[in-house]
Number of protein chains: 2
Amino acid sequence: MADLLDFDSRPLLSLLPEGLAARLSAAATPVDYDDGETIHSRGDDKPGLSIIQSGAVRFAIPGADGSYITTSILGPGHCFGEAILFAHLPRAYDAIAVGETRVEQISKPRFDRIFDEEPALARLMLEATTQRLYAVLEFLDDVRRLPLLVRTAKMIAGMARSAKNAEEVECSQSDLAFTLGVSRVSIGKALSGLQDERLIVLGYGRIGVPDRAALDQWIADRTPLQALKRGE
Amino acid sequence: MADLLDFDSRPLLSLLPEGLAARLSAAATPVDYDDGETIHSRGDDKPGLSIIQSGAVRFAIPGADGSYITTSILGPGHCFGEAILFAHLPRAYDAIAVGETRVEQISKPRFDRIFDEEPALARLMLEATTQRLYAVLEFLDDVRRLPLLVRTAKMIAGMARSAKNAEEVECSQSDLAFTLGVSRVSIGKALSGLQDERLIVLGYGRIGVPDRAALDQWIADRTPLQALKRGE
DNA sequence: TTCAAAATGCTAAATTTTTAGCATTCTGAC
DNA sequence: GTCAGAATGCTAAAAATTTAGCATTTTGAA
């Protein structure tokens, strides 16, 4: 279960000019985590900014029944911890490594110093945060407007976009169900539907996307109002 | 239909020190809108920051059937337009005045100048944006986890918090339905249920909240995992 | 005061989704 | 190769939600 969703926003690291990225990196302590290891828990309040170097981080809340509800998964280049740095909120989610994951942690004092000395950083962090905000708002709109079949297709297309192997998405149906907030039965039905349309190929723990352009087109045909959001 | 939801985040204006607020105000052009007037449309790309002085602004997308799907409503002190300023996104929503509304518009060149000269502004905008991001993420979690009855209660509690008259929320059931993304029948049923629990009193275009503490407690009893998000 | 528009209350059928199983298939570790 | 665990496929009943009405009440403007 990799690249589940990073809400289609550009990672902070890809926005930073080289010098700034290097300076942040120099101030950071890299920490390695094994698959499934906890990076921080809900409620922790040790402040600092974290930047994902490799691997991915899943943010989730333990459900009443012991299962985890995944809110988002961020991949390399994305940062987290802004909430605690800027908004003075406690960690709202457990953060768990997905696969071998390296995270660079920058303590609040060090980050503050760089933030104050590098005026460009503020603008870029605002860019990253704003993009995430609007990506989440779009997702929220989708939940209210689109039938599950289309939402599922969109999610898969998004995952394919950020996957290494563009032809295939590694993700179990259960994970998809959690992420979309529906039952496994419903996801199974939606996936069957998409396979019937020849848009995806179901596998074991993976979903093949033979023709991403076709998938994108199929989605676009069913979300007429969202076209301009993608920047055209 | 006022104070529908501003996603429970603190408005930017309340975060700004007096001098900074004054400087922004001096650089802005105030524009008055009548109830229902369009402030901007989806797809517009004239960049600038807008700060709501009075009234409220509804952000929505016209649905295929002519109806509007409301994403959020922001009240006095909140700003909008960051997406276009920082993330280079086109306006994703129509912005429509709710009641007599005054909005201060700051052009991009003017805003950029202040932004560059006032280092404190960046941090405060990050605070406001991050708070909104996390408020939306929480709302998204709620959609997936909580039964409609509880979600409805939460929405009403949130509206009551930002309403002028704390005992009452001005909002039609149809608006509530749109905002929560469900049908009017479902909202009607949920509201009846809450009234049966003596938590609210239904009126015409309004919902009475005789005892907000009791409502908050009822919600807290049903959302055990969310307690810490409120900052305790 | 009257009246049209808006909002609510209600119903019942149709649809969607969940729940709770269980059988089967696939995978990787041993 | 075997085998346990993970993942999928499938079913059917139960629950929740939507759709499409229509009647009634409330409001504010003429």
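A quick note: this is a predicted structure, and the numbers were derived from the prediction, not measured.
- If you check residues 184-199 of chain A against DNA chain C, the residues with a heavy atom closer than 4.0 Å are A/Arg184, A/Val185, A/Ser186, listed by number.
- OP1 or OP2 of D/dG9 sits under 4.0 Å from a side-chain N or O of A/Gln173.
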N/O donor to acceptor pairs below 3.5 angstrom from side-chain atoms of residues 189-204 of chain B, sequence neighbours left out:
{"residue": "B/Ser192", "atom": "OG", "partner": "B/Gly188", "partner atom": "O", "Å": "2.9"}
{"residue": "B/Gln195", "atom": "OE1", "partner": "B/Leu202", "partner atom": "N", "Å": "2.8"}

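- Per the geometry, CZ belonging to A/Arg144 stands 16 Å off C1' belonging to D/dT17, to the nearest Å.
- Remark: A/Gln217 engages A/Ala220, A/Asp221 in a side-chain contact (heavy atoms from CB on, under 4.5 Å) (not counting sequence neighbours).
- Taking the side chain to side chain donor-acceptor pair (under 3.5 Å) definition, one finds that B/Arg206 meets it with B/Glu168, sequence neighbours left out.
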Atom pairs, N/O to N/O, protein against nucleotides 23-25 of chain C, distance under 3.5 Å?
none

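- In terms of the side-chain contact (heavy atoms from CB on, under 4.5 Å) criterion, residue partners of B/Asp44 (sequence neighbours excluded) are, by chain and number, B/His40, B/Ser41, B/Arg91.
- Smallest separation of non-hydrogen atoms from A/Gly81 and A/Leu49: C-CD1, 4.5 Å.
- Residue B/Ser174 is the one, among B/Ser174 and A/Arg151, whose nearest nucleotide of DNA chain C lies closer to the 5' end (criterion: closest heavy atom).
- For A/Leu180 and C/dT16, the CG to P distance is 17 Å, given to the nearest whole Å.
- The pair A/Glu138-A/Lys154 counts as a salt bridge, with a side-chain nitrogen and a carboxylate oxygen less than 4.0 angstrom apart.
- Looking at residues two or more places apart in sequence or on another chain, you find no side chain to side chain donor-acceptor pair (under 3.5 Å) involving A/Thr29.
- Here the P atom of nucleotide C/dA6 and the CG atom of B/Leu202 are 21 Å apart, to the nearest Å.
- You'll find that the side chain of A/Ser183 is closest to C/dT19, out of D/dT17, C/dT19, D/dG9.
- For A/Leu15, the side-chain contact (heavy atoms from CB on, under 4.5 Å) partners are A/Arg10, A/Leu124, A/Glu127, A/Ala128, not counting sequence neighbours.
- If you take CD of B/Glu170 and P of C/dT8, they are 12 Å apart, rounded to a whole angstrom.
- Distance, A/Phe178 CZ to C/dT18 P: 12 Å, rounded to whole Å.
- B/Asp175 has its CG atom 7 Å from the P atom of C/dA7, to the nearest Å.
- For B/Ala177, the side-chain contact (heavy atoms from CB on, under 4.5 Å) criterion is met by B/Ile187, not counting sequence neighbours.
- Spacing between atom CG of A/Leu148 and atom C1' of C/dT18 amounts to 12 Å, rounded to whole angstrom units.
- As a whole-Å value, the separation of B/Arg206 CZ from D/dG28 C1' is 12 Å.
- Annotation: side chain to side chain donor-acceptor pair (under 3.5 Å) contacts of A/Arg102 (sequence neighbours excluded): A/Asp32.
- At its two ends the helix from C/dT1-D/dA30 to C/dC30-D/dG1 runs along axes set 40° apart, each axis drawn from five pairs and the angle rounded to 10°.
- Residues that satisfy the side chain to side chain donor-acceptor pair (under 3.5 Å) test with A/Ser174, not counting sequence neighbours, are absent from this structure.
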